[in-house]
Each structure stands twice: as C-alpha cells, then as structure tokens.
Amino acid sequence: MTTVRTRIAPSPTGDPHVGTAYIALFNYCFARQHGGQFILRIEDTDQVRSTRKSEEDILAALKWLQLEWDEGPDCGGPYGPYRQSERSEIYREHVQHLLDKGHAFHCFCTAERLDAVRKQQMENKQQPGYDGHCMSLSAEEVQQKLAAGEPHVIRMKVPREGKCVIKDLLREDVEIEWSQVDMQVLMKSDGLPTYHLANVVDDHLMKITHVIRGEEWINSAPKHLLLYQYFGWEAPVLCHMPLLRNADKSKLSKRKNPTSIGYYQRMGYLPEAVINYLGMMGWSMPDGNEKFSVQEMVANFDIHRVSLGGPVFDTQKLDWLNGRYLRESLSDEEFLQRYAEWALRTDALRQIVPLIKPRVERFSDVVPLAGFFFSGMPAINAESFAHKTLSAEDQLKILQFVAWRIEEIKDWKRDVLEQALVELAGKLEIKIRDFLYPLFIAIAGTAVSTSVIDSIAILGLDLSRARLRHAMQVLGGVSGKQQKKLEKDYQSLRGAAQQGEGDN
RNA sequence: GUCCCCUUCGUCUAGAGGCCUAGGACACCUGGUUUUCAUCCAGGCAACAGGGGUUCGAAACCCCUAGGGGACGCCA
C-alpha cells in the first residue's frame, strides 16, 4: 500500500482565510489518520497578486492553529521546491510534452477577441468557452508567429463529445459533458502555468494520493483528470468538501464576515477553539462530543462523516466553544499566561504608545484610553451617534463608503489611509471633522479618543471592518435596496480609480 | 443563460429502511443556585422543502418540482 499524502495549497494573495484552514484541517486529519504525510505547497503563479507577506502570514496562521506540515517551503522535503514560482522550468517541460503529443496548442487570440466571443456565446445562451480559433493554425503559421514574438498562451485540447465521469469520495459519480469543458489555458503569456496545469503536475510529482479541496473545484475536475490522462499518470482520489457559508448561504466572503484567521486571533479566540469549531463544520465526532482537540479528531476521523450541506460559519457557537476552552481547559496560571501573551504583543503596543502618551497623566489612564484596541465591539447604541449636522443616514453612508474604500487599499499604511479618507470626504463634500465623527464612534466607541485614522491603521482591515459593520447595524442597518443605491453612488464617486479585487 | 452540487429545528449537527412520538448542541425563553451578573443545574420552544412512487414499513431508496449554492478568467 502506498503512503497517503495530502496537501494544502494556498495562494498567497491575501489574508490567511478560514476556508484555507478548514480545508487544511481535513487534509491534515485524513493524512494523519492513515499515518501519511501532509504537505504545504504555495501556489503563487499569479505574479500580480501573490506576495511574500501573505505567504508568511498564511504559514504563521496555520502554525497558530497547530496544523503542522511534513514538507513545505519553510522546512523543505524530498519533492521540492514547494513554491510554484520556483518550479517554472518543470512546468515548461511538461507543457512542451503536451505540445509534442498534440494535447495542447498555441493560442494567439487577444483578450478583446475572447471577450467578444464570450459575449456572443452568452447571447446565444451557449456555454461560454474558447472557440478553437487557433487550433486551425498550421505548424508554419505558428512558427512564424512565435518567431515574430507574438504574445501567446498554451491551451489544452478537450474532446468535443462524450462525458467525463468524476469519482468523488463523498458523492455519487459526477458526470460532465466534455462539451461543457473549456479549452483551458495551461500556460499564460508570462510563461507561468495556470492553476490547472501546475496543480496536476505538482500533485503528481509530489506523490499526492488524495486531493481534498473545496466544492468550487468540481466543475474543473474534468480538466484535471484529462491532464492526468494526457500525461499517462494515475489520478489521485478526489474529494470535494462543502463550502463554508455566510449567514445568507452564499460562499463565505470577507465582505459579509470576518474571514481572516488573524481576526480571530486578535479578537482573543484560542487556536484550539477555532480549529475545533472548523472541525464541526460539516463533520462531527461519532460520539457526538462537540469539544475535541485536533488529536482527538484525527483519532476518530472518518472522511465519510462529512455532511455535504454547506455549513454557515456562525460565530455564536464559536463564542460558546471558546468560552468553554477558556474556563474549562486552562488553569488560572495558564489563563494568565495565555492572556498575557495575547494582550502584551509588544509590536502592537509599540504602535499604540505614541498615540496615548501625549494624553495621559497616569498609567491608570491607559486602559480607558486605549482599551478599545483590545476589546471586541465597542458598547454603542444609536444615540452614541447623535450629531449636530449629520443624520443617521449620512453616517450610515459614510461608514459603508469607508468600509468599501479601506478594502481597496493594498498598501496598508497610515498615510495611505489618511489620504484615502480625506479624498473620500472631499468627494462627499463633508468636512473631514464631521466625516470622521461616525468613524470615531464605530472604531473607538467615543469621539474623545486617539486619532481614528491611526486607530484604523493599527487595528487593521479585518478588525476595523468588523467594527464598521457593527456600527452600521447599531444605526439600523442597510436594506437591500439602500445597499444597491449606495453601491451605485460609491461606484460613480470612485470613478475610474475603481478597480476590481478578489474576495478571497 | 449553460452545466454541476446540495436540501433534518433560526444555526451546527445525529440519523446507512423498522431502535424516530426524529436525538444532541448553540441561540432564545422559563425556573433553580449565586449579595448582582456570568458560570453551573433543570425545563421549554423549534426541523425531515413539496409531490409522486418502491416497500408490510421511508427522514433514509427512486423520480419530478421547488429552493439554495457553485462553476463558466492569461485568479486560485
């Protein structure tokens, strides 16, 4: 019997996501249960969005949750490198092999042409996809274009008839018609592979036996299976987990929920509670016990106990669980130690000191002044927002716009933030002083406080956004209709500066 | 629009044809303990999406409908 090997393959394009931890947990448990290995691979083939900072944060977050990997970019292993950006040559060789075998072809189509084709197909109510335009190019034409240095990608060929049968560990065979499968780009014009190629090549080379991943991948499984076939490799066992959901059942997103693991860390949740909670999303202990460690989960693990309905990530139960850990699992001494570790993060405190020092006369002033950096949501109600000129509606608008605006900030720095807010206030034609008022209440719980811009900068995006969201709710919330209008206003306000951004 | 997946209390779930009058947990409500509050304890509210089959028997199996979600990128 071959050794079971599973992996988590995050893309370092943002904050460490609870969904990543969720999938990692199940891969980890499956591997450990079978005495196998769990591998961490960084999928950073998106040069534009991937960052080292994000990679470091993801590693730290998974470590915090005690999900330890046997091989990875930090600790190496026999099948490295474990960072896709360092494996370009491997992909190039493999894609060349596909080209030689006639399983892939060069494509010189422009983005404009592809958009037009897609639009046309949509109008004709067809499944949008590549129309095979460049497949008809002769070998000479291709050589000519390549010699002329024309930008191009490499696409995989896909059968036009028949269907693909996907075996999944958790469901009946899934059948997808090949006609529904697009001629996926395997190699981008920058010479780097897309997910589909890199993933298949790496999983094979790294001897991954079981691919446990989110349900969102089911539809692209045929592409992957076809690639295994083209290469003449045995495909790993596939297993698609349900997706974590927002309260409205849509896929968990940071717009509607705090999704970054860092948020839960900074809000004072214990890693053992967070991982335990993730373990009860779609899975349960055979004896029904709800408080369990990762070790206990491994000992009792059975992938078939996964239920397929997408679980709503509702933190009420996490709160209860965390409370149990705090009071049942920690001695007073341990509590003290863990609390101190959490509260006295010198890096965070160092940022706060310059803000409060000018305002204190005694150390005893510190907690009342800076307490909001360490608390959860400030204790506020609708009256907290009473203002001489701004109505609740005005304030709601400001809060929502700011929530949206700070999401777009890539370079999270105080000055960048300040500039963004000043600009936004200007466009709204509200005096900055008034504009900041609801932010003070939302963030610090009071208008008598340290600079709110600095506060947001220090709290970070997740914590700040959660407070803005909380404040909006306190102010009565925004209806779906209002939301739409606000969104429209916001878009026109942002104008050309607006740029799309992923939600994960 | 096309394709795919899913569907048990508000939420997380148990349930592999008779053990189901559907169990547990969170939340909520009530009561008890507690100088208050919290904890803790006891109790309560609350669900098999709908319709057809199959079967002696269906929450479980099949079909249809509805609802929800996902995928359709030179993102992963």
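Per chain, numbering begins at 1; letters A, B, ... match sequence-line order.
For the P atoms, the distance from B/C48 to B/G43 is 25 Å, rounded to whole Å. Here, B/C74 and B/A25 have their C1' atoms 48 Å apart, quoted to the whole Å.
Between atom OH of residue A/Y79 and atom CD of residue A/E71 there is a gap of 7.0 Å, rounded to the nearest 0.5 Å.
The side chain of A/V312 has B/C12 as its nearest neighbour among B/C3, B/U13, B/C12. Taking only side-chain atoms of A/I176, from C-beta outward, the nucleotide of B/A76, B/U13, B/C4 with the closest atom is B/C4. Minimum atom distance to the side chain of A/H196 is reached by B/A76, of the listed B/A14, B/A76, B/C40. Residue A/E290 has its side chain nearest to B/A25 when only B/A14, B/A25, B/C6 are considered. Comparing atom distances between the A/K249 side chain and each of B/G69, B/A76, B/A14 picks out B/G69 as nearest. Of the candidates B/C12, B/A71, B/C74, B/C12 carries the atom nearest the A/P311 side chain, counting heavy atoms from C-beta on.
Residue contacts for A/E175: at a heavy-atom cut-off of 4.0 Å it reaches the sugar-phosphate backbone alone, with no base atom in range. Looking at heavy-atom distances under 4.0 Å, A/S284 makes contact with sugar-phosphate atoms alone, never a base. Among the protein residues, A/M187 comes within range of no part of the nucleic acid, since none of its heavy atoms lies under 4.0 Å from any strand. Counting any heavy atom pair closer than 4.0 Å across all strands shown, A/C164 reaches no nucleic acid atom. Backbone-only engagement by A/V185 is indicated by non-hydrogen atom pairs under 4.0 Å involving sugar-phosphate atoms exclusively. Contacts of A/Q316 with the nucleic acid, taken as non-hydrogen atoms under 4.0 Å apart, involve only primed sugar atoms and P, OP1 or OP2.
Atom NE2 in A/H224 sits about 10 Å away from atom P in B/A76, given to the nearest Å. Residue A/Y277 contributes atom OH, which lies 17 Å from atom P of B/A25 at whole-angstrom precision. In this entry the distance linking CZ of A/R245 with P of B/U13 reads 11 Å, nearest Å. The nearest whole Å value for the distance from the CD atom in A/Q180 to the P atom in B/C5 is 12 Å. In this structure, A/R41 atom CZ and B/A76 atom P are separated by 12 Å, rounded to whole Å. Put simply, CD1 on A/I166 is 8 Å from P on B/C5, counting in whole angstrom units. For the pair A/Q47 CD and B/C74 P, the interatomic distance rounds to 16 Å; values are reported in whole Å. The CG atom of A/D46 sits 8 Å away from the C1' atom of B/A76 (whole-angstrom rounding).
Remark: A/R305 does not engage A/D302 in a salt bridge, criterion side-chain N to carboxylate O under 4.0 Å. With respect to the salt-bridge test (charged N to carboxylate O, under 4.0 angstrom), the residues A/D131 and A/R113 qualify.
Shown here, B/C61 forms a base pair with B/G53; the pair counts as Watson-Crick or G-U wobble because both key distances fall under 3.5 Å. Base pairing of B/A66: its partner is B/U7, meeting the Watson-Crick or G-U wobble criterion (both donor-acceptor distances under 3.5 Å).
Judged by distance alone, with hydrogens and angles left aside, A/K317 brings a side-chain donor or acceptor within reach of the base of B/A25, the pair sitting under 3.5 Å. Checked by distance alone, A/R49 brings a side-chain donor or acceptor within 3.5 Å of a matching partner on the base of B/C75.
In this structure, A/T194 does not reach the B/G73 phosphate: none of its side-chain N or O atoms is under 4.0 Å from OP1 or OP2.
Using cut-offs of 30° and 60° for the angle between ring planes, the A/Y22 and A/F26 rings count as perpendicular.
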